[in-house]
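Order of the sequence lines sets the chain letters (A, B, ...), proteins ahead of strands, with each chain counted from 1. Keep in mind that the numbers below use all heavy atoms, side chains included, and drop hydrogens, waters and symmetry copies.
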Number of protein chains: 2
Amino acid sequence: MNDLSSPLHSLKVTCTNCSLRELCLPIGLNRDEMAQLDAVIRQSRRFKRGEYLFRTGDGFRSLYAVRTGYFKTCVSSRDGREQATGFYMSGELMGLDGISANTHGCDAIALEDSDVCELPFSRMESLGRDIPSLQHHFFRLMSREIVRDQSVMLLLGNMKAEERLAAFLLNLSQRLASRGFAANDFILRMSREEIGSFLGLKLETVSRTLSKFQQQGWIRVDHKHIQLLRPEELKALVAGCSQANSAG
Amino acid sequence: MNDLSSPLHSLKVTCTNCSLRELCLPIGLNRDEMAQLDAVIRQSRRFKRGEYLFRTGDGFRSLYAVRTGYFKTCVSSRDGREQATGFYMSGELMGLDGISANTHGCDAIALEDSDVCELPFSRMESLGRDIPSLQHHFFRLMSREIVRDQSVMLLLGNMKAEERLAAFLLNLSQRLASRGFAANDFILRMSREEIGSFLGLKLETVSRTLSKFQQQGWIRVDHKHIQLLRPEELKALVAGCSQANSAG
DNA sequence: CGAGTGCTTGAGATCCGTCAATATCAGTGG
DNA sequence: CCACTGATATTGACGGATCTCAAGCACTCG
């Protein structure tokens, strides 16, 4: 632990000192266990906006936790149709779909300049055997992804355009709030087209629906800058629908 | 192992002698490991058609593997809308969504008289620590569920009614075939309404689309009895769309 | 045999997608 | 700094896929 000799000491980001400790993998680990985790995790890799973290078909080696920035994941059909399957912000884990076939099942793309921690999966697996609470947390994270996916299915299968968009905005709001950002005033990191791809709508419908919300005085839209003026109205729209999470 | 003394001996179904060995949890375990697994798994519980295996909000204790019969899982919103999230047949695992919050996140309902093996999760978790290949297989199963969910999102977000139904029929066909049943001649276990709930369509649309397929000579529909006459035409419909699995 | 449930089919309504025109923004290079 | 270009967003008009409502049919089960 006392690697003060290294000049890089103060630059090295570890789970132990990461501000995402409470949102990310190390929940519930003690000092010693966290040190073991630190030893396994590869330090941040930077990605520029638009760069691929991994692509469908790439060999699966690692999971990736967002440290800063934003990513999207999407699956696409051969004829070019794309379905965004999630948006990921700090502390959220990507790549869980790759375990099953040892191959990534979707693309992961940086929505802005971002960096991630790489978690080599086989080492995480064996570490899980030594640290039961880590293993359990891992299962919980995978299960949470499944729960999230179920609520996206409810959204795509049952909800109308307005309900989908309201659910989407509220979900972003809640996740930003839990990271200490303003809940009702934020910048969208994705285009209208990407929102539409996630919500099963065309970009024109997304745009129109945002305008409609604005006309009703529920939100303020200034390009990617969104303010929720009457979040309770949005909540009323999705009331009854178990809210759909974008990620985490 | 030699409990021949027990009169129940010949009735007791274990993983070791289960015909689903190759589809279910024990893939890749040796004799000894399988015996340990057998010791943890609770024997079949029977469910009548329409009975709940678990409900949203029930405390999470166990996962359940279908032994015989069929189940569906569904999430529902407070205002009554229901989204079927999957159909499960023999060897497939239900309840993975419950791990994250220690509470089941959906309902699981028998589509006909069925029985399941109960896998107490905390014992599975510790067994996984002793048997790395079991732990790994568990991760793979959870990941497979995530991959499946992603393809359902693609289906719900991007595909038209005909494509959805074609993908659904082909998926059923393939899963039945891998269980040794006829691929092109089978009985639907679910109602039109349940199919619609899964595919994000109304039952009338499901019915109309089946009729259309029949008129084109691609399938034969006799109530719940379905024959695929020209599966290649159905495949052409979903060509380009990575096929969406119902479960497994 | 009768009631009830599930299924099929039709007609009209609605929501959203498509196409198109215009506006605005971000990045580049003069 | 400004003009230019391509990407992104807004808005309108129209059309089409699916939903809604409704009627009738066909099984199932007591």
- Query: Once each nucleotide of nucleotides 25-30 of chain D is scored for protein heavy atoms under 4.0 Å, what B/S/- sequence comes out, 5' to 3'?
  - Reply: -SS---
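Residues B:A183 and B:A177 share a closest heavy-atom pair of CB-CB, 3.8 Å.
Contact of the B:M190 side chain with the B:F198 side chain is not registered, since no non-hydrogen atoms from C-beta on lie closer than 4.5 Å.
Annotation: proximity of residues 204-213 of chain B to DNA chain C (heavy atom, distance under 4.0 Å) is found for B:E204, B:S207, B:R208, B:S211, numbered in ascending order.
Whole-Å rounding puts the B:M159 CE to D:dT18 C1' distance at 16 Å. Summarising the geometry, the separation between CZ on A:R192 and P on C:dG17 is reported as 16 Å, rounded to the nearest angstrom. The distance from atom CZ of B:R164 to atom P of D:dA17 is 14 Å, rounded to the nearest whole Å. Rounded to whole Å, atom C1' of D:dG15 lies 12 Å from atom NZ of B:K160. If you take CG of A:L203 and P of D:dT10, they are 9 Å apart, rounded to a whole angstrom. For B:I226 and C:dC7, the CD1 to P distance is 11 Å, given to the nearest whole Å. Summarising the geometry, the separation between CD on B:E162 and C1' on D:dT18 is reported as 12 Å, rounded to the nearest angstrom. Spacing between atom CG of B:L201 and atom P of C:dC16 amounts to 15 Å, rounded to whole angstrom units.
Checking side-chain atoms of A:E118 against main-chain N and O of A:I41 turns up no donor-acceptor pair under 3.5 Å.
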- Item | Verdict with reasoning, A:E112 to A:R189, per salt bridge (Lys or Arg N to Asp or Glu O under 4.0 Å) | CA-CA 7 Å; A:E112 59 176 44; A:R189 259 52 209 211; 2.8 Å; yes
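A salt bridge links A:D79 to A:R81: at least one charged side-chain nitrogen sits closer than 4.0 Å to a carboxylate oxygen. B:R67 and B:D115 are joined by a salt bridge, as a carboxylate oxygen and a charged side-chain nitrogen come within less than 4.0 angstrom of each other.
The shortest distance between the side-chain N/O atoms of B:K202 and the OP1/OP2 oxygens of D:dT20 is below 4.0 Å.
The CE atom of A:M94 lies 11.0 Å from the CD atom of A:E145; values are rounded to the nearest 0.5 Å.
Using a 4.0 Å heavy-atom cutoff across all strands shown, A:G196 reaches no nucleic acid atom at all.
Counting heavy-atom neighbours within 6.0 Å of B:R61 CZ, excluding the residue itself, gives a total of 12 or less.
Ring geometry, A:F47 versus A:F71: the interplanar angle exceeds 60°, so the pair is classed perpendicular (tilted spans 30 to 60°). Taking the six-membered ring where tryptophan is involved, the planes of B:F60 and B:H104 are perpendicular, since the angle between them exceeds 60° and thus also 30°.
Note that B:R179 lies outside the cation-pi zone of B:F181, set by a 6.0 Å cut-off to the ring centre and a 45° limit from the axis.
Relative to the axis of its first five pairs, the axis of the last five pairs of the helix from C:dC1-D:dG30 to C:dG30-D:dC1 sits at 40°, rounded to 10 degrees.
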